[in-house]
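Taking it in order: structure first as structure tokens, then the write-up.
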Amino acid sequence: MISPIPADPSSLASKAIPRSNGLAEDVYEAIFNQLMVLKIAPGARITVDNLVKEFNVSHTPIREALGRLEGEGLVVKQHLIGYRAAPQITRERFDELYELRLLLEPHAAGKAAAAMDAAKLAVLREAAGVMSRDDDTDERLRYSSFARQDGLFHDSIMAFAGNGLIQETLAFQHTHFHIFRLMFHRRVTEEALDEHQALLDAFAAGDAKAAREAMRIHIERSRDRLLPAFD
Ligand SMILES: [Zn+2]
């Protein structure tokens, strides 16, 4: 039986998700968090009835959340069987993913640096800033929120690079959701912060060469941090 991670720290005391207009969103966030911190293990069966009991909500928001997570590649629906957490990516897929990232992201970071302006820089600083906020939030919540923000940070850089196809190709992989599920470890988030800062510095300077280099280093180090997950 999995236990819920409340969608916001103020609800830590109560097990049930508070009723609000954002109920569907809260249920989605709670299940998302459990998937990201491996509370629901990759490949594990997800039973709608169990989640209904656990969160004390009706079937509707649970099904809605699972449908959304299915679209994000985190949940797989099997005919007549039900839902499962998506399996862990394989080592082969991991290598392919990082090869693809290394081909596309440094190039795009260079283009984004060349096209940088104050408004774009503010968007990237905000995304990076949310990740570095070290408050009292539950460490598991921080981890899953980091995964989402890191995805947004990289997606924004791809958007600013101005090649929609590159952006779509990477977005379609849901890279950050999959790589952050390889392990739940502080190192994954802490070290990335410095690498993001190097990227922000290059963007602030409008330095395409430095941005390409900073992105290449970030992706290579990210790969090296996660490789032990396959040992
Ligand atoms: Zn990153």
Side-chain angles (χ1 to χ4, degrees), residues 32-33 35-38 72-74 88-89 93-116 120-134 137 139-163 166-205 207-230:
F32 175 81
N33 290 339
L35 288 162
M36 292 314 291
V37 304
L38 310 179
E72 292 174 338
L74 280 169
Q88 199 74 282
I89 57 170
R93 191 69 176 173
F94 177 86
D95 289 343
E96 291 173 354
L97 190 56
Y98 272 84
E99 188 179 0
L100 180 71
R101 293 191 71 188
L102 281 167
L103 281 170
L104 299 180
E105 289 194 56
H107 167 75
K111 283 184 77 181
M116 198 51 52
K120 289 171 182 160
L121 191 59
V123 169
L124 296 176
R125 281 190 168 138
E126 167 62 21
V130 171
M131 280 180 267
S132 62
R133 229 164 266 162
D134 195 358
T137 312
E139 192 173 354
R140 291 166 302 170
L141 279 176
R142 276 194 65 208
Y143 190 84
S144 65
S145 122
F146 191 100
R148 185 180 294 286
Q149 283 300 128
D150 196 27
L152 282 173
F153 180 69
H154 286 261
D155 187 58
S156 300
I157 295 169
M158 296 307 112
F160 297 154
N163 182 325
I166 289 181
Q167 188 188 7
E168 281 166 37
T169 300
L170 289 164
F172 185 67
Q173 301 304 322
H174 301 294
T175 306
H176 295 81
F177 293 169
H178 289 298
I179 62 173
F180 278 85
R181 282 198 321 154
L182 285 170
M183 61 170 79
F184 170 40
H185 197 291
R186 218 180 159 81
R187 205 177 148 228
V188 175
T189 55
E190 298 298 303
E191 295 182 4
L193 291 174
D194 293 336
E195 295 155 23
H196 286 166
Q197 188 55 52
L199 271 167
L200 288 174
D201 291 345
F203 290 139
D207 187 336
K209 188 166 173 278
R212 274 198 301 274
E213 186 64 3
M215 185 62 95
R216 182 184 62 77
I217 291 169
H218 176 41
I219 295 172
E220 284 177 353
R221 290 196 182 151
S222 160
R223 182 191 59 201
D224 294 345
R225 278 193 289 276
L226 293 166
L227 268 177
F230 295 101

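In listed order, ligands and their atoms are each counted from 1. Below, each value reflects all heavy atoms present in this structure, side chains not excepted, and no hydrogens, waters or symmetry copies. In this text the structure is predicted, and so the values were computed from the model without any measurement.
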Subject >> Partner residues of Arg93 under the side-chain contact (heavy atoms from CB on, under 4.5 Å) criterion, sequence neighbours left out >> reply: Ile89, Thr90, Glu96, Gln173

**OP:** With sequence neighbours excluded, give me every salt bridge (Lys or Arg N to Asp or Glu O under 4.0 Å) pair touching residues 102-116.
**Re:** Arg101-Glu105

Original post:
Between Tyr98 and Phe94, how do the two ring planes meet: parallel, tilted or perpendicular, split at 30° and 60°?
Top reply: tilted

**OP:** Output all residues satisfying side-chain contact (heavy atoms from CB on, under 4.5 Å) with Leu103, sequence neighbours left out; order by chain, then residue number.
**Re:** none

**OP:** Quick one: do Asp150 and His196 satisfy side-chain hydrogen bond (donor to acceptor under 3.5 Å, both in side chains)? Show the steps, please.
**Re:** CA-CA 9 Å; Asp150 196 27; His196 286 166; 3.0 Å; yes

**OP:** Check whether the side chains of Asn163 and Gln167 place a donor and an acceptor atom closer than 3.5 Å, and report yes or no.
**Re:** no

Subject >> Closer than 2.8 Å to the Zn ion (ligand 1) - protein N, O or S atoms, ordered by chain and residue number >> reply: Asp150 OD1, His154 NE2, His196 NE2, His218 NE2

